[in-house]
Amino acid sequence: MIKITLPDGSVREFEKGTSALGIAKSISEGLARKVLAANINGQVWDATRPINDDASLKLLTWDDNDGKNTFWHSSAHLMAEAVESMFPGVKFWVGPPVENGFYYDMDLGDKKMSEEDLAALEKKMNELARKNSEYLRKEMPKADAVKYFTDKGDEYKLDLLSNLNDGEITFYSQGNFTDLCRGPHIPNTSFIKAIKLTSIAGAYWKGDEKNKMLTRLYGVTFPSQKQLDEHLQMLEEAKKRDHRKLGKELGIYTMDDDVGQGLIMWMPNGTVIIEELEKLAKETEQAAGYKRVVTPHIAKESMYITSGHLPYYADSMYPPMEMEGEKYYLKSMNCPHHHKIYAAEPKSYRDLPYRIAEYGTVYRYEQSGELFGLMRVRCLHMNDAHIYCTKEQFNDEFRAVNDMYLKYFKIFGIEKYVMRLSLHSPDKLGIKYVNEPELWKETETMVRNVLTESNIPFVEVKDEAAFYGPKIDVQIYSAIGREFTLATNQVDFSQGRSFKLEYIGQDNKAETPLIIHRAPLGTHERFIGFLLEQYAGKFPLWLAPVQVKVLPISDKFLDYAKAVSDKLKKSDIRSEVDDRHEKIGKKIRDTELLKVPYMLVVGEKEMNENKVSVRIQGKGDAGVRSVDEFIADAVSQIKERKAE
RNA sequence: GCCGUUGUAGCUCAGUGGUAGAGCACUUCCUUGGUAAGGAAGAGGUCAAGGGUUCAAUUCCCUUUAACGGCUCCA
């Protein structure tokens with residue numbers, strides 16, 4: 001007999017060699033039908049695998065992440081079985097679960113798979129799933145496994161094997177499919193009730209662009225059709241929030257082939273938002289002791305050699321223009337220009353911290369395949385600033401920048417983000433990172449300490465630093481789930497020396513300042529793209545391009561509507577009149593769809609009493625009020641930058 | 001940059017080897033209507049661009065270009 005400790009702490013005895021599934025059955029049949037896998041002593045196991053020693057056990061179902069991942073991993077095997085039956089000779093690489101489903105990478109040889117094959121593959125998978133095939137685990141000596149794949153001519157699995165030790169080799173089979181696999185898997189294929197293959201894509205083998213491109217097939221499965229339907233419904237909803245769709249519908253921005261890829265043209269509505277954001281940034285930065293500067297869009301090659309950017313980023317800069325024997329580059333960052341401003345006048349320690357800010361326009365030649373709506377573009381406007389400070393001042397300065405982020409996040413109601421401490425990778429010193437191991441260590445510790453002291457939760461990621469120092473990135477997710485860096489706060493211990501920046505210390509000796517690069521509002525492009533999705537196009541009053549639309553009941557009240565609108569404009573409220581010859585229902589509908597926060601309906605009653613009938617976007621009729629009352633209220637909401 | 005898909009009216013999308021269609025938007029007219037779509041008429045397209053096959057190409061093939069889904073990259 002063995003002793004099994006359950007999650008509630010109770011200990012029960014079972015026959016040696018019983019499985020998690022057997023234990024589930026002893027509790028209830030209903031539970032047993034839901035068990036996908038089990039956590040045994042902290043490790044995820046097959047629910048059917050015999051347990052031979054005392055253990056702690058947690059049964060895993062769809063509601064556990066590990067259970068769900070096991071389900072999707074097993075689905076990937078089922079998909080592979082279907083692919084193998086339709087594409088004989090296919091060689092498989094790996095097929096892991098991912099956030100919303102699973103994929104399998106494969107080499108189809110000279111065969112091609114197109115989206116038309118997906119329906120047939122789904123059908124095949126459904127057939128195979130209904131066979132209730134069990135997932136069978138088999139251990140094998142490494143030598144046998146190597147022989148098996150050598151005979152098969154499968155270089156991919158041989159590559160996987162080369163990283164495994166003897167005694168660790170396990171195979172799983174279901175139906176006619178056998179795969180080298182660590183497992184675990186669900187008990188049998190009948191659990192997989194609803195299947196959707198979502199897309200075909202290319203993916204470099206081992207994620208390295210020098211390697212062969214494999215075919216990656218994505219899918220998602222569920223234990224019931226209802227869950228799949230809900231999932232698909234959710235994806236549809238997410239698409240409605242996509243900033244590219246909303247940006248077009250709301251007249252925020254446009255792009256044009258004649259202008260060029262990734263070059264955003266801000267339309268009047270988008271420009272209003274830009275100006276509001278800049279106003280916020282200027283107020284905030286002025287209060288925090290920043291001075292504003294303005295710098296040109298181009299600079300000579302020599303500056304980017306000094307800065308050290310050219311060797312690292314030449315590929316993603318627009319090629320240089322030649323003028324009178326000099327090469328000029330469009331700037332892809334503002335820092336070098338700002339360093340020149342720092343250097344323009346001698347500095348004493350009394351001048352530090354020296355903080356200069358600019359909404360700088362930079363150009364980056366991003367790879368064409370990476371361009372993505374407003375989130376990844378080639379011309380961007382950065383909420384940039386550089387702080388030059390002493391080592392002693394660093395902590396306070398860096399922390400003040402973090403506080404500024406958090407203040408902004410509160411204004412915009414940003415709650416779903418991840419703070420990422422991005423560190424260097426020691427093996428890439430001198431290649432991707434400046435070769436200063438000691439300074440890296442020192443500054444990384446400084447940054448980590450600021451985060452810890454401020455009680456800000458964060459994750460640490462290696463090999464994501466800037467070439468000149470570690471940084472904190474704020475990671476957000478687009479409506480369709482893509483990850484982006486929204487804002488960034490970086491330490492730079494390198495460029496100060498490259499530019500020979502100095503200040504005279506108390507001891508009358510020249511010192512090099514530390515530099516903080518920061519962009520709490522990121523770029524206009526990415527930030528507004530993010531806001532569009534965050535608000536689903538329903539901007540709070542202070543940001544809304546059109547804040548109020550006055551809707552006359554009929555043309556007879558057009559003059560009154562215009563008078564009301566003019567009065568609003570005098571109080572700096574962005575107001576328009578709907579002067580079309582349409583019925584009020586139509587005007588309301590169209591204004592609702594444009595997500596204008598307030599509609600003021602005016603007819604005979606309102607005109608006679610100098611009032612307006614207020615309607616709130618998405619909420620409906622909010623009653624009659626005097627014009628002055630409405631204005632006072634709106635102005636205070638705008639001034640406070642109220643979230644709603 | 002790489003793999004795959006797509007490109008038809010301002011927008012969303014049908015359709016076809018014999019020089020194109022809907023809804024919305026737009027223009028004009030009728031209607032002056034009280035809280036999410038009033039009616040009628042009209043205008044609008046080198047069917048992404050270039051080349052090829054064909055008696056004939058928007059449709060089939062090739063190249064280019066752009067967008068989209070991924071991969072790689074992201075100071």
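Naming: A, B, ... by sequence-line order, numbering from 1 per chain.
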Check your understanding: A:Ser554 has a side chain; which of B:G33, B:U12, B:C74 sits nearest to it?
Key -> B:G33
**Study point:** Short side-chain donor-acceptor distance under 3.5 Å, A:Lys331 and A:Thr295
**Key:** yes
Practice item. Enumerate the residue pairs fulfilling side-chain hydrogen bond (donor to acceptor under 3.5 Å, both in side chains) with a member in residues 248-262 of chain A, sequence neighbours excluded, ordered by first and then second residue. Key: A:Lys245-A:Glu249
**Study point:** Nearest listed nucleotide, side chain of A:Phe372, among B:G69, B:G33, B:A75
**Key:** B:G69
Practice item. Give the nucleotide from the list B:G38, B:G34, B:G70 with an atom nearest to the side chain of A:Ser613. Key: B:G34
Check your understanding: Reading RNA chain B 5' to 3', what string of ( ), [ ], | and . shows its pairs, if Watson-Crick and G-U wobble pairs count only when both distances fall under 3.5 Å?
Key -> (((((((..((((....[..)))).(((((.......))))).....(((((..]....))))))))))))....
Check your understanding: With a 4.0 Å cut-off on heavy atoms, is A:Gly585 in touch with a base, just the backbone sugar-phosphate, or nothing at all?
Key -> sugar-phosphate
Study note, to complete from the structure: Rounded to whole Å, the CZ-P distance (A:Phe484 to B:C74) equals 15 Å
Point to revise | Nearest-Å distance once atom C1' is located in both B:C47 and B:C55 | key: 22 Å
**Study point:** N-O pairing of A:Glu592 and A:Arg615 below 4.0 Å
**Key:** yes
**Study point:** Same-atom distance (P) from B:C24 to B:U5, integer angstrom
**Key:** 35 Å
Exercise for review: For the side chain of A:Ser114, starting at C-beta, report the closest nucleotide among B:U32, B:G69, B:U5.
Suggested key: B:U5
Check your understanding: Within the modelled atom types, does a donor on one side and an acceptor on the other bring the side chain of A:Arg244 and the base of B:A67 under 3.5 Å apart?
Key -> no
Review point. With a 4.0 Å cut-off on heavy atoms, is A:Tyr218 in touch with a base, just the backbone sugar-phosphate, or nothing at all?
Key: sugar-phosphate
**Study point:** Check ion pair A:Glu236-A:Arg241 (N to O, under 4.0 angstrom)
**Key:** no
Study note, to complete from the structure: Among B:A75, B:G34, B:A67, the one nearest any side-chain atom of A:Met317 is B:A75
Practice item. Using a 4.0 Å heavy-atom cut-off across all strands, classify A:Ile480 as base, sugar-phosphate, or nothing. Key: sugar-phosphate
Practice item. Have a look at A:Glu606 and say if it touches a base, only the backbone sugar-phosphate, or nothing, with a 4.0 Å heavy-atom cut-off. Key: base
Practice item. In whole angstrom, give me the gap between the C1' atoms of B:G15 and B:G21. Key: 7 Å
Revision key, fill the gap. Closest of B:U32, B:G34, B:A75 to the A:Lys556 side chain is B:U32
Practice item. Have a look at A:Tyr312 and say if it touches a base, only the backbone sugar-phosphate, or nothing, with a 4.0 Å heavy-atom cut-off. Key: nothing
Review point. If each of A:Lys112 and A:Lys587 is mapped to the nucleotide of RNA chain B with the nearest heavy atom, which maps nearer the 5' terminus, i.e. the 5' end?
Key: A:Lys112
Check your understanding: Looking across every strand, which nucleic acid part, if any, lies under 4.0 Å from A:Ile584 by heavy atom: base, sugar-phosphate, or nothing?
Key -> sugar-phosphate
**Study point:** Donor/acceptor link under 3.5 angstrom from A:Thr591 side chain onto base of B:A36
**Key:** no
Check your understanding: Would you call A:Lys562 and A:Asp579 a salt bridge, using N to O less than 4.0 angstrom?
Key -> no
Exercise for review: Tell me which nucleotide among B:A37, B:A75, B:G69 gets nearest to the side chain of A:His309.
Suggested key: B:A75
Review point. Do A:Asp384 and A:Tyr359 get their side chains close enough for a donor-acceptor pair, meaning under 3.5 Å?
Key: no
**Study point:** Residue A:Lys605, side-chain heavy atoms: nucleotide from B:A36, B:C71, B:G34 that is nearest
**Key:** B:G34
Point to revise | Rounded distance in Å between the C1' positions of B:A49 and B:U6 | key: 16 Å
Review point. Using a cut-off of 4.0 Å on non-hydrogen atoms, how would the nucleic acid contact of A:Ser199 be classed: base, sugar-phosphate, or nothing?
Key: sugar-phosphate
Point to revise | Residue A:Lys586, side-chain heavy atoms: nucleotide from B:A36, B:A25, B:U32 that is nearest | key: B:A25
Review point. Between B:G69, B:G33, B:C2, which nucleotide has the shortest distance from any of its atoms to the side chain of A:Met213?
Key: B:C2
Check your understanding: Does a salt bridge link A:Arg420 with A:Asp473, judged by any charged N lying under 4.0 Å from a carboxylate O?
Key -> yes
Point to revise | Under 3.5 Å donor-acceptor pair, A:Tyr204 side-chain atoms to B:G70 base atoms | key: no
Check your understanding: Are a donor atom and an acceptor atom from the side chains of A:His338 and A:Tyr388 found within less than 3.5 Å of each other?
Key -> no
**Study point:** Donor on one side chain, acceptor on other, A:Asp427 and A:Ser425, under 3.5 Å
**Key:** yes
Exercise for review: Indicate, with a heavy-atom threshold strictly under 4.0 Å, whether A:Arg526 touches base, sugar-phosphate, or nothing.
Suggested key: nothing
**Study point:** Donor-acceptor pair (no angle test) under 3.5 Å: A:Asp257 side chain, B:U65 base
**Key:** no
Practice item. Scan A:Ala201 against the nucleic acid and name what it touches under 4.0 Å (heavy atoms): base, sugar-phosphate only, or nothing. Key: base
Exercise for review: Indicate, with a heavy-atom threshold strictly under 4.0 Å, whether A:Ser332 touches base, sugar-phosphate, or nothing.
Suggested key: base
Review point. Quick one: on RNA chain B, does A:Arg615 or A:Glu115 contact a more 5' nucleotide (nearest heavy atom)?
Key: A:Glu115
Point to revise | N/O (side chain, A:Gln261) to phosphate O (OP1/OP2, B:A66) under 4.0 Å | key: yes
Exercise for review: Pick base, sugar-phosphate or nothing for A:Glu249, based on heavy-atom distances below 4.0 Å to the nucleic acid.
Suggested key: nothing
Point to revise | Nearest atoms (heavy-atom pairs only) where A:Ser613 meets A:Glu606 | key: CB-OE2, 3.3 Å
Check your understanding: Contact class for A:Arg376 (heavy atom, under 4.0 Å): base, sugar-phosphate, or nothing?
Key -> base
Review point. Contact class for A:Gly207 (heavy atom, under 4.0 Å): base, sugar-phosphate, or nothing?
Key: sugar-phosphate
Check your understanding: Taking atom C1' in both B:G7 and B:G50, what distance in whole Å separates the two?
Key -> 15 Å
